[in-house]
Structure formats: structure tokens, C-alpha cells
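Residue numbering restarts at 1 for every chain, and letters A, B, ... go by the order of the sequence lines. Only heavy atoms go into these numbers, but all of them, side chains included; no hydrogens, no water, no symmetry mates.
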Amino acid sequence: MNYLYAAYIATWAIHIGYLSTLLRRYTRLRSEIEEFKTRIDDK
Amino acid sequence: MKRVFPILAILTAGLLSYALYEALIAAPTEQTMGDVQRIFYYHVPSAWTAFILFFVNFFASIVYLIRRNTKADIVALVTAEVGVIFCTVVLVTGPIWARPVWGIWWTWDLRLTLTLVLWLIYVSYLVLRRFSSSGQTPLLAAVLAVFGALDVPLVYFSIWFFRTQHPQPVIGGGGSIDPRMLHVLLINWLAFSCFAALVCWSRYRLEVLRREVDETLALEALLEPRSSQTRSSQTKTSQTGRAG
């Protein structure tokens with residue numbers, strides 16, 4: 001049973017890890033857009 | 001589209017939960033291997049999903065090579081990235097299943113080795129795209145993807161034509177499976193396919209946004225000296241005007 005749970009946990013760890021990198025990239029991009037908007041408004 | 005995505009995400013989460021219940025509880029226990037055989041319901045659908053994604057990557061790369069279409073290039077990038085994730089799941093769950101069943105974590109068997117080579121090909125594809133700054137990167141990546149995709153049928157058919165440590169295919173190729181197990185397998189495949197499609201969709205939107213931001217910033221950088229030049233010439237004119 002340990003192997004079974006290890007396989008299922010590993011699968012979801014890989015998927016959640018990838019989803020969190022996507023979220024981090026998206027957050028970084030949003031902050032870049034906000035920064036750009038602020039720069040444009042200042043001009 | 002913004003409204004459809006959360007609905008699809010909730011439906012997919014429900015389907016994945018149902019598939020997990022079917023795999024861990026509802027599916028019959030295999031007589032020889034026992035409960036550890038249930039790894040099969042994650043291992044096999046992940047492999048099929050990875051193969052489909054690599055095939056989409058192959059066709060998108062062909063389209064890019066013929067038409068130089070940006071959307072096709074983004075689709076190729078996205079499917080390779082998500083395909084590598086699913087292939088990683090296959091390469092991780094395989095040895096976890098092999099250890100209690102074969103007594104070893106890994107063997108340099110044809111199926112296993114070709115799967116590892118497939119993973120390495122697409123990791124190198126992503127590394128090329130990530131670190132190459134040349135304008136020819138999408139073209140080079142598309143060529144690599146077309147040749148890399150040749151490994152997919154080799155992986156799939158390796159257990160049909162060669163005797164390997166890996167079990168024979170459960171569908172076709174002379175293999176057989178209990179209908180209840182097949183039902184659970186197909187549900188898990190459907191769930192993982194929907195999940196992969198949603199992840200690809202999110203990644204596609206992210207990539208489109210990334211490129212738009214990069215283009216806007218590049219345009220701003222190009223226009224910046226001109227606008228500052230205009231401002232300085234305006235200042236000079238106003239000074240001249242005041243002097244006059």
C-alpha cells in the first residue's frame with residue numbers, strides 16, 4: 001500500500017508543483033503589466 | 001471565455017475526484033499484484049496523455065514549419081511543456097510500481113529506455129526554447145520536435161514487437177483486461193485528458209500575454225529615445241520662443 005500511496009502522492013506533487021510555477025509566472029507577469037501601466041500614467 | 005474556464009475547472013476537479021475514487025476503491029483488486037496494481041490507473045493514462053500532447057506538438061511544429069504561424073508555435077511550446085510533466089509522472093510512477101512487482105526500481109529495458117529518451121528529447125526542446133535568444137529558435141525547436149516525435153511510436157510499439165520486461169499492452173496487442181478495470185482506466189484517462197487540456201489552455205493564455213507584454217515593452221523601448229528627442233526639441237523651441 002505504501003508504494004501505491006507514494007505513486008499517487010508523487011503524481012499530484014508533480015502536477016501541483018507545475019501549476020504553482022504557472023501561477024508564479026502569471027503573478028510576475030501581472031506585476032510587470034501593473035508596473036508598465038504606472039509608468040505610462042506617470043508620463 | 002473567462003466564465004467558461006472556472007466551470008470547466010470545477011467539472012474537471014469533480015471528474016478527477018471521481019476517477020480517484022474509482023481507482024482506489026471501486027476498481028477490483030488484481031489477484032497477483034494486489035493493491036499496488038492500482039498505480040496502473042495513474043501510470044497508463046498519464047502515458048497516453050503525454051503521447052497525445054507530443055503528437056499535437058508534432059502537428060503544430062509541422063504547421064509552424066509550413067506557415068510560420070505564431071499560434072502554432074505557441075501550441076507546440078505549450079503541449080511540449082505539459083507533455084513533459086505527464087511523461088515525468090510516467091517515469092516516476094513506473095519505478096514505484098516496478099520495485100514491489102519486479103524487485104527493482106529500473107532496468108535498461110527497451111520500453112523504459114525509449115521513454116527516458118523521449119523525456120530527454122522534450123526536456124532539451126524546452127531548454128532550447130528557454131535559453132536560446134536567436135530569432136531562429138522557434139524554427140530550430142520545430143525541427144527538433146518533428147524528429148523527437150518519431151520516438152513516440154517507437155515507445156508505444158516497442159512492447160508489441162519486442163519481448164521486454166514491461167508488461168504487454170492491455171488494449172490490443174494480445175493483452176486482456178477485466179471490463180471493470182478497463183472502465184476505471186478509461187475514466188482516469190478522460191479525467192487526465194480534461195486536466196491536461198485545461199492546463200494547456202491556461203499555459204496558452206499565459207504565453208500569449210507574455211508575448212504581448214514583451215512586444216509592448218520592446219515597442220516602448222524603441223519609441224522612448226524618439227519621444228525624449230521630441231521633448232528636448234520642444235523644450236528648445238519654447239526656449240527660443242521665449243528668447244524671441
Side-chain angles (χ1 to χ4, degrees), chain A, chain B residues 9 16 20 23-24 29 33-43 45-46 78 81-82 84-101 105 188 192 195-196 198-200 202-214 216-217 219-220 223-224 227-228 231:
Chain A
M1 282 298 263
N2 286 343
Y3 288 104
L4 173 66
Y5 291 135
Y8 277 50
I9 289 167
T11 300
W12 283 110
I14 291 165
H15 286 310
I16 291 167
Y18 178 63
L19 289 179
S20 63
T21 65
L22 283 189
L23 194 66
R24 209 165 46 235
R25 279 192 248 180
Y26 183 73
T27 311
R28 202 183 308 148
L29 198 57
R30 292 295 319 173
S31 69
E32 271 181 46
I33 292 169
E34 288 305 316
E35 199 181 302
F36 177 72
K37 276 181 183 169
T38 317
R39 216 162 50 229
I40 293 292
D41 288 345
D42 288 347
K43 283 178 187 174
Chain B
L16 282 166
L20 181 67
L24 285 178
T29 307
M33 287 183 266
D35 278 326
V36 79
Q37 182 271 341
R38 293 174 196 273
I39 295 174
F40 167 79
Y41 302 116
Y42 267 33
H43 180 76
S46 297
V78 165
E81 202 173 288
V82 182
V84 163
I85 296 299
F86 276 89
C87 199
T88 307
V89 169
V90 175
L91 286 171
V92 169
T93 54
I96 296 174
W97 190 7
R99 184 69 183 85
V101 176
W105 292 100
N188 273 278
F192 277 111
F195 176 65
L198 275 184
V199 175
C200 284
S202 309
R203 182 66 186 89
Y204 181 89
R205 282 164 55 184
L206 179 67
E207 187 62 24
V208 168
L209 196 59
R210 168 86 266 166
R211 289 182 186 208
E212 280 175 6
V213 169
D214 285 348
T216 312
L217 291 175
L219 200 64
E220 189 202 16
L223 293 173
E224 190 63 27
S227 61
S228 60
R231 271 202 303 275

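- Rounded to the nearest 0.5 angstrom, A:Leu22 CG and B:Arg203 CZ are separated by 6.5 Å.
- Taking a cutoff of 4.0 Å between a charged side-chain nitrogen and a carboxylate oxygen, A:Arg25 and B:Glu81 qualify as a salt bridge.
- Relative ring orientation between A:Trp12 and B:Phe192 is described as parallel, the plane-to-plane angle staying below 30° on a 0-90° scale split at 30° and 60°.
- Only the side chain of B:Leu16 comes within contact range of chain A, judged by heavy atoms closer than 4.5 Å.
- The distance from atom CD1 of A:Ile9 to atom OG1 of B:Thr93, rounded to the nearest 0.5 Å, is 13.5 Å.
- Interatomic distance, CG of A:Asn2 versus CZ of B:Arg99, reported as 13.0 Å (0.5 Å rounding).
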Chi angles and distances behind the side chain to side chain contact (heavy atoms under 4.5 Å, CB included) call for B:Leu217, A:Glu32: CA-CA 10 Å; B:Leu217 291 175; A:Glu32 271 181 46; 4.0 Å; yes
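- Looking at B:Thr88 and A:Tyr18, their side chains never come closer than 4.5 Å, going by heavy atoms from C-beta outward.
- Looking at A:Ile33, only its side chain comes within 4.5 Å of chain B, counting heavy atoms on both sides.
- Between B:Leu209 and A:Tyr26 there is a side-chain heavy-atom pair separated by less than 4.5 Å.
- With rounding to the nearest 0.5 angstrom, the CG atom of B:Leu206 is 10.0 Å from the CG atom of A:Leu23.
- Taking each heavy atom of B:Ile96 and A:Ala10 in turn, the nearest pair found is CD1-CB, 4.3 Å.
- Interface remark: A:Arg28 contributes no atoms to any contact with chain B (heavy atom separation under 4.5 Å).
- Contacts of B:Tyr41 classified as ring pair (Phe, Tyr, Trp, His ring centres under 6.0 Å), with partners at least two apart in sequence or in another chain: none.
- The contact between B:Val89 and chain A is made by backbone and side chain atoms together, counting heavy-atom distances below 4.5 Å.
- Heavy-atom pairs under 4.5 Å with chain A were tallied for B:Leu24, B:Val92, B:Thr216, B:Val199; the largest tally goes to B:Leu24.
- For the atom pair NE2 of A:His15 and CZ of B:Phe195, the computed distance is 5.5 Å after rounding to the nearest 0.5 Å.
- Using a 4.5 Å heavy-atom threshold, the side chains of A:Phe36 and B:Glu220 count as touching.
- Contacts between A:Tyr3 and chain B at a heavy-atom distance below 4.5 Å involve backbone atoms as well as side-chain atoms.
- To the nearest 0.5 angstrom, A:Tyr8 atom OH is 7.5 Å from B:Ile39 atom CD1.
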